[in-house]
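Step one of this worksheet: look at the structure below.
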Amino acid sequence: MINTRIIGTGSYLPERIMTNAELEALVETSDSWIQERTGIAERRVVADDQSCTDLATIAAQRALEAANVSPEDIDLIVLGTCTPDRVFPSNACLVQQNLGSKAGAPAFDVAAACSSFVYALDVANRFLRTGGAERALVIGADTMTRLLNWKDRGTCVLFGDGAGAIVLEASDEPGILSTHLHADGAQECLLHVPWGPGMGYDRLTDTNGKISMRGNEVFKVAVRTLGRIVDETLDANGLSKEDVDWLVPHQANIRIIQATARKLGLPMERVVQTVQHHGNTSSASIPLALDTAVRDGRIKPGDLLLLEAFGGGFTWGSALVRY
Ligand code: UT7
């Protein structure tokens, strides 16, 4: 089996910053409630003339630059998202076209809500390890604000837009040590967008095309589930909590992140936190956090990273990475 390594990271955030004060004008909420319950101070919002693939393309270009790899050298694109620009082609195909990447190489989206990036990483990793490709772009990109009901204070304060990407390369050196994916469709109605084009446009209403969440119930399941996956990931590698240098978690809520860090016995200084400035960017949150900490020099070659995510489906997953 071939190993795979991350050889470049990139990310992109839309320019417009939306503060909690702006949300106070839309719904009955307060900056202090949002910060205390979620840790979020601001989020980015996609411009009217920008699409999810626009964000993904810039993040991918930055990852390619960091890896010193040209688009023609990419022979696989796997893109995690729950906000595709179109029903088809996939965002991955649109990014391939935007980049001028190798025509004929496979490109497809993976839909696992907030766990989509970890799912996409797992899929790309398997391609590379079995010789199906040599160099992959793995992207997480979402324009979650387009799925928000701006009258629902239980959801509209939580999400933001963005994209992150990595270049993954087949290698002799170990990089992606293991990936772990799970799903439980039985609890789908706790967190979902209850409409999709397969249901027919005559059933689309003002609210059912938007995110609906029973937040407190999701919160409890997320904390329990992420605690379990930490153990599963370390056990699979025969490693202990002390071996982890950085937790790079999905950024949904600072309290969920703190609970996972406690479970790992990691001080918050060893946890990459972007939720304050990004909100929950769904598929983009882990690669955005990873790129932030790589570029500011916190994450260094050789560090052991634990990536973990939980999202609608329910879906959840993790990756243990030697950076
Ligand atoms: O990424 C995918 C996974 N998603 C998540 O992991 C999100 C998980 N859930 C959460 O992050 C939290 O549950 C929330 C931040 C959504 C909510 O925090 P909570 O501490 O679980 O609050 P709650 O839902 O129990 O609501 C407490 C109170 C309620 O009022 P009453 O019934 O006590 O009078 C809510 O109506 O807070 C109220 N509330 C708000 N108040 C001010 C709910 N949203 C808001 C708001 N501003 N935006």
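Values below: all heavy atoms of this structure, side chains included; hydrogens, waters and symmetry mates excluded. Note that ligands are numbered from 1 as they come in the structure, with each ligand's atoms numbered from 1 the same way. What you see is a predicted model; the values in this text were computed from it and never measured.
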Could you give the N/O to N/O pairs under 3.5 Å linking ligand 1 and the protein, each with its distance?
unit_1   : atom_1 : unit_2 : atom_2 : d
ligand 1 : 1 (O)  : H250   : NE2    : 2.8
ligand 1 : 1 (O)  : N280   : ND2    : 2.7
ligand 1 : 9 (N)  : G215   : O      : 3.1
ligand 1 : 11 (O) : N253   : ND2    : 2.7
ligand 1 : 13 (O) : G215   : O      : 3.0
ligand 1 : 13 (O) : N216   : N      : 3.4
ligand 1 : 20 (O) : R37    : NH1    : 2.9
ligand 1 : 20 (O) : R255   : NH2    : 3.0
ligand 1 : 21 (O) : N216   : ND2    : 2.8
ligand 1 : 22 (O) : R37    : NH1    : 3.3
ligand 1 : 25 (O) : N216   : ND2    : 3.3
ligand 1 : 36 (O) : R153   : NH2    : 2.9
ligand 1 : 37 (O) : W33    : NE1    : 3.4
ligand 1 : 41 (N) : W33    : NE1    : 3.4
ligand 1 : 41 (N) : R153   : NH1    : 3.4
ligand 1 : 47 (N) : T29    : OG1    : 2.6
ligand 1 : 48 (N) : T29    : OG1    : 3.1
ligand 1 : 48 (N) : R153   : O      : 2.9

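Applying the side-chain contact (heavy atoms from CB on, under 4.5 Å) criterion to A56, with sequence neighbours excluded, gives L79, V95, I139, A141. With sequence neighbours excluded, no residue forms a side-chain contact (heavy atoms from CB on, under 4.5 Å) with N68. Scored by the side-chain contact (heavy atoms from CB on, under 4.5 Å) test, A113 finds no partners at all (sequence neighbours excluded).
Comment: E169 does not engage R5 in a salt bridge, judged by the lack of any side-chain N to carboxylate O separation of less than 4.0 angstrom. Ionic pairing of K263 and E308 is not present here: no N-O contact between side-chain nitrogen and carboxylate oxygen is shorter than 4.0 angstrom.
Under the 4.5 Å side-chain contact rule for hydrophobic residues, V248 and V321 share a cluster.
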